[in-house]
Amino acid sequence: MPIEFKLPEHVENQTNLSKMLAVQVMRKISRHYDEHEHERPWEYINVIWPFMQQIEAADLKRSMRRNGGNGSKPKEGKKRPSTANVRLLHMIEALSWGDAGIYLDTPSSALAGAAINAVGTPEQKERFLKRFTEGEPKWGAMAITEPQAGSDTSAIQATATLDPETNEWVLNGEKIFVTSGSLAGKESPGIIVVWATLDRSLGRAGMRSFVVEAGTPGMTITKQEEKLGIRASDTVSIVFEDCRIPYDNILGSAELVKPDEKKTKGFKGAMKTFDASRPMVAASAVGIARAAFEFTRDKLAEQGITIPEYAPHHQLSAIQCDLIQMEMELKAAWLLTIRSAALMDAKQPNSIEASMCKVKAGKAVTAITQKCVELLGPLGYSREFLVEKWMRDAKINDIFEGTGQINTLIVARRILGYSRRELK
Amino acid sequence: MYSFNKTDEQRMLTDTVNRFATRTMRKVYREAEEGGAIPAEIIDTGWELGLLPASLPEDYGGFGEYSVLNGALYAEELGYGDFAIALEMLRPNQVAIPILLCGTEQQKEQYLPLFCDEEMPKVSAAFLEPTILFDPADLATTAAEEGDNYLLNGKKVMVIDGDEAELLLVYAREESSGQTQAYLVPTDAPGVIIGERDKWMGFHALKTYTVEFENVAVPKHNKLGGEQGIDLHKILNSSRIALASLAVGVARGAYEYALDYAKEREAFGEPIAHRQSIAFMLADMAIEVDAARLMTWEAAWKIDETGAGAHDAFLAHRYAADMALAVTDSAVQILGGHGYVREHPVELWLRNGRGIAVLLGAALV
Ligand SMILES: Cc1cc2nc3c(=O)[nH]c(=O)nc-3n(C[C@H](O)[C@H](O)[C@H](O)COP(=O)(O)OP(=O)(O)OC[C@H]3O[C@@H](n4cnc5c(N)ncnc54)[C@H](O)[C@@H]3O)c2cc1C
């Protein structure tokens, strides 16, 4: 494929659908769920669920095919290059333009699904992911963060021990800030992928992820967070107390390897899910930024302040410079994001590109939304408009899925060829 | 589709120019800068690459097809080599591309074969003016109709190799319409006064001149595009892409240099790149270079594909100009005092990087 910047038609059609949903459903309930934290936006959930089932079914089929499972083989020669990631990216961008908090309530296997698709066995995929293609809305969640382990995932304290008598894993520990944790673990028959250590002395090499199904005894939702933004999104703490799960719920191999030996597949697999999820977070950031930018641009246009197609610098007012700055940052972030997803579709490595777009989009959305509040004056700051909400929503994108600094660190290590030890 | 891979031909193009940049331009740029002249053999070698003929159609003696995107690709490599030599290499583009884009059939047939010769043609453009509020759409240089001629009056700067030029493409405000138009002016026409050599902050290796026009009579058929004239913004789009690409090249050079240096240089018992305050600067530089390149490619692709893309090109140029300044400045900062002395190239790249924002019209692809 040569250098090209064209949205394929089928992606455009799907994106238009998301846009419609954003305008006709999400924007109308945006403020309500911002002011009624912990209520669930069923208007949105029920509408999007049928679409998500289709996407989940296609993902599952593709992933089974990779395992050499019972999915049908693609026809020779007729293969169209995959656009799955670019398509998802555009959908997330459009839905986040609608409302980023509500978007996070999308019923789907989410990060849990990504982890299982990346390293799961065909049996696990069937057992855990099939449910997202049928029946009532369900959620997936990923529980890594703990009170004492955020950016530093190697500090995870939660343990998994094997009970040889019952051949079950026994989980103990506390997870915090689990997105959709209550929806996945309590309010629907969903799944949660939980990171725990088999052997603390091994650091990262001792870490594994486990699938815990909703309602498993010993798993308790202990707290619902109250947040700055994305208030429609469900964020909870979960405590595991002798929570027993079947042996086959471990993702990847249970065999432990010393840290100085080859890296274990389990941990690598988990890190790979970040390569897929970071572009999606960046896309959400871009969606919010575009919402704020377009709203501000249009409001200012009503007052006669517009962006010229081109003009020498000295003919631009300060507000026009601000608008142009925002437009540039938005474009830069979006193009970096698209690149990272397109690489994934082309089955090329994208770790550094994924972190690059996450850094850029996290910064851009923060700066753009903050500027929009300022440019719209007292009304920008008012809760009458959504701009102040978008500014509050925006900030999370520079925090979760690796903070801006952590992703910068990843980029830095890559370009310098440094290990964790050389660049802390 | 979204795709970011060069075609085989494009890869060959960039590899060739990259080889010229690293093996030839990089060998001489400092001496050229200090001596105030680019060695003639370097210019000849560069011209032999045939970049311009490769963008001109066969009908006019070339062997390719015009593509702004290809221009962006080779300009980045030239910028990576050296900004001054890059501007010199792009000098014939300043005349050929406006003729290709806006010329009448007769003008194309008459002039374009000039650019497919073995010798680099002695042509240049007169666009920038010595003013602080430069506006390409409202020039101070004027063209007034008088009988069968236009009379040109005004003062231009940044006329590359103005001392040797035989033919100039001069931009002026056409008095009857108030629009910017372009005129092909032989330098031996009465009233063309080649003045002093300009002195710029950067690219000292490049000879550029102030040129004055005093009642220079230009026959009407030398107005580019005939009666209809030019589409100024088509020409400026090409310049925006050229400058943005040069900026990406300059910045990429500075980023790579600073990266290598930071891994070598030790302070407090460790390479300085072991510190986040250095490593994070480098990461941001890498991200910004990529972002500016993607914006430039997107704008160039749009121009080629649809003819639109003026706003994208405007944004790309603006973004790349800011980026080039920030990245070259960071490179100086990472080298510390050593970045401030002329033994290392980064101080020159900072001076050159600053120019991107203000040189609209001075390079075309
Ligand atoms: C709304 C919300 C939803 C979330 N959803 C999930 C979820 O679904 N699943 C999940 O597992 N987690 C989730 N998280 C957790 C999130 O990923 C973490 O908060 C994040 O990784 C940062 O960890 P921390 O909060 O402990 O900050 P810390 O790790 O304590 O970091 C504090 C500050 O120090 C900086 N810092 C840390 N280490 C370095 C370093 N080496 N170099 C430079 N700077 C450094 C950080 O960038 C940050 O600025 C969520 C968080 C929120 C707020």
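Naming: A, B, ... by sequence-line order, numbering from 1 per chain. None of these values were measured; they are calculated from a predicted model.
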Worksheet item: B:Met285 versus A:Ile415: any side-chain heavy-atom pair under 4.5 Å?
Response: no

Discussion item. Does any backbone or side-chain atom of B:Leu360 lie under 4.5 Å from a heavy atom of chain A? Answer side chain, backbone, both or neither.
Written reply: neither

Discussion item. Do B:Ile287 and A:Thr408 make a side-chain contact, defined as non-hydrogen atoms from C-beta onward lying under 4.5 Å apart?
Written reply: no

Fill in: Approximate separation, where rounding is to 0.5 Å, of A:Ile3 CD1 and B:Leu69 CG
4.5 Å

Discussion item. Which one wins on heavy-atom pair count under 4.5 Å against chain A: B:Leu282, B:Leu259, B:Ile132?
Written reply: B:Leu259

Worksheet item: Do the non-hydrogen side-chain atoms of B:Met1 and A:Asp345 ever get within less than 4.5 Å of each other?
Response: no

Worksheet, complete the sentence: Rounded to the nearest 0.5 Å, the CG atom of B:Leu315 sits from the NZ atom of A:Lys331 at a distance of 6.5 Å

Item to complete: Mind checking the CD1-OG spacing from A:Ile338 to B:Ser3? Nearest 0.5 Å is all I need.
Response: 12.5 Å

Discussion item. Does any backbone or side-chain atom of A:Gln325 lie under 4.5 Å from a heavy atom of chain B? Answer side chain, backbone, both or neither.
Written reply: side chain

Worksheet item: Can you check whether B:Phe280 reaches A:Leu409 side chain to side chain, under 4.5 Å on heavy atoms?
Response: yes

Practice prompt. For each of B:His317, B:Lys302, B:His233, tally heavy-atom pairs with chain A at distances under 4.5 Å, and name the one with the top tally.
Written response: B:His233

Response to the item:
So CG of B:Leu294 and OG1 of A:Thr337: to nearest 0.5 Å the spacing works out to 10.0 Å

Discussion item. Looking at chain A, which one of B:Ala273, B:Ala310, B:Ala300 has the largest number of heavy-atom pairs inside 4.5 Å, strictly under?
Written reply: B:Ala273

Practice prompt. To the nearest 0.5 angstrom, please state how far the CG atom of B:Leu133 sits from the NE2 atom of A:His313.
Written response: 11.0 Å

Worksheet entry | Contact origin within B:Asp260 toward chain A - heavy atom pairs under 4.5 Å | neither

Practice prompt. Check A:Pro308 against B:His311 and note the closest heavy-atom contact, atom names and distance.
Written response: O-CE1, 3.5 Å

Worksheet, complete the sentence: Here the gap from B:Tyr2 atom OH to A:His90 atom NE2, rounded to the nearest 0.5 Å, amounts to 3.5 Å

Worksheet entry | Among the listed options A:Gln315, A:Lys424, A:Arg339, the residue most often paired with chain B at heavy-atom distances under 4.5 Å | A:Arg339

Discussion item. Can you tell me which portion of A:Lys363 sits under 4.5 Å from chain B's heavy atoms? Options are side chain, backbone, both or neither.
Written reply: side chain

Worksheet item: Ion pair present between B:Asp290 and A:Lys360, side-chain N to carboxylate O less than 4.0 angstrom?
Response: no

Practice prompt. Please indicate whether B:Glu266 has more than 12 foreign heavy atoms, meaning atoms of other residues, nucleotides or ligands, lying under 6.0 Å from its CD.
Written response: yes

Worksheet item: Do any N or O atoms from the side chain of B:Lys263 and from the backbone of A:Leu416 form a donor-acceptor pair under 3.5 angstrom?
Response: yes

Worksheet entry | CD (B:Glu65) with more than 12 external heavy atoms under 6.0 Å | no

Worksheet item: Is B:Glu305 close to A:Glu4 at the side-chain level, that is, under 4.5 Å between some pair of heavy atoms?
Response: no

Worksheet item: Any idea which of B:Asp135, B:Thr7, B:Asp8 has the most non-hydrogen atom pairs under 4.5 angstrom with chain A?
Response: B:Asp135

Worksheet, complete the sentence: Highest number of heavy-atom pairs under 4.5 Å with chain B among A:Arg413, A:Glu353, A:Arg414, A:His314 belongs to A:His314

Fill in: Note, B:Arg318 side chain near A:Cys321 side chain (heavy atom, < 4.5 Å)
yes

Worksheet entry | Nearest atoms (heavy-atom pairs only) where B:Phe134 meets A:Pro312 | O-CB, 3.8 Å

Fill in: Contacting moiety of A:Thr83, where chain B heavy atoms sit under 4.5 Å
side chain

Worksheet item: For the ring pair A:Tyr418 and B:His274, is the centre-to-centre distance below 6.0 Å?
Response: yes

Item to complete: Against chain A, label B:Arg275 side chain, backbone, both or neither, depending on which of its atoms sit under 4.5 Å from a heavy atom there.
Response: backbone

Worksheet item: Can you say whether the rings of B:Trp301 and A:Phe5 are parallel (under 30°), tilted (30 to 60°) or perpendicular (over 60°)?
Response: tilted

Discussion item. I need the residue from A:Pro2, A:Ala341, A:Gly417, A:Ala333 with the largest number of non-hydrogen atom pairs under 4.5 Å to chain B.
Written reply: A:Pro2

Worksheet entry | More than 12 heavy atoms of other groups within 6.0 Å of B:Gln333 CD | no

Item to complete: Just give me the residue among B:Glu270, B:Gln276, B:Met281, B:Lys6 that pairs up with chain A most often, heavy atom to heavy atom, under 4.5 Å.
Response: B:Gln276

Fill in: Proximal component of A:Glu9, with respect to chain B [non-hydrogen, under 4.5 Å]
neither

Worksheet item: B:Ala316, B:Ala137, B:Ala283: which one forms the most heavy-atom pairs within less than 4.5 Å of chain A?
Response: B:Ala283

Practice prompt. Give the minimum heavy-atom separation between B:Phe314 and A:Ala311, together with the two atoms involved.
Written response: CE1-O, 3.4 Å

Worksheet, complete the sentence: Note: vs chain B, highest number of non-hydrogen pairs under 4.5 angstrom among A:Ile324, A:Val86, A:Val11 is A:Ile324

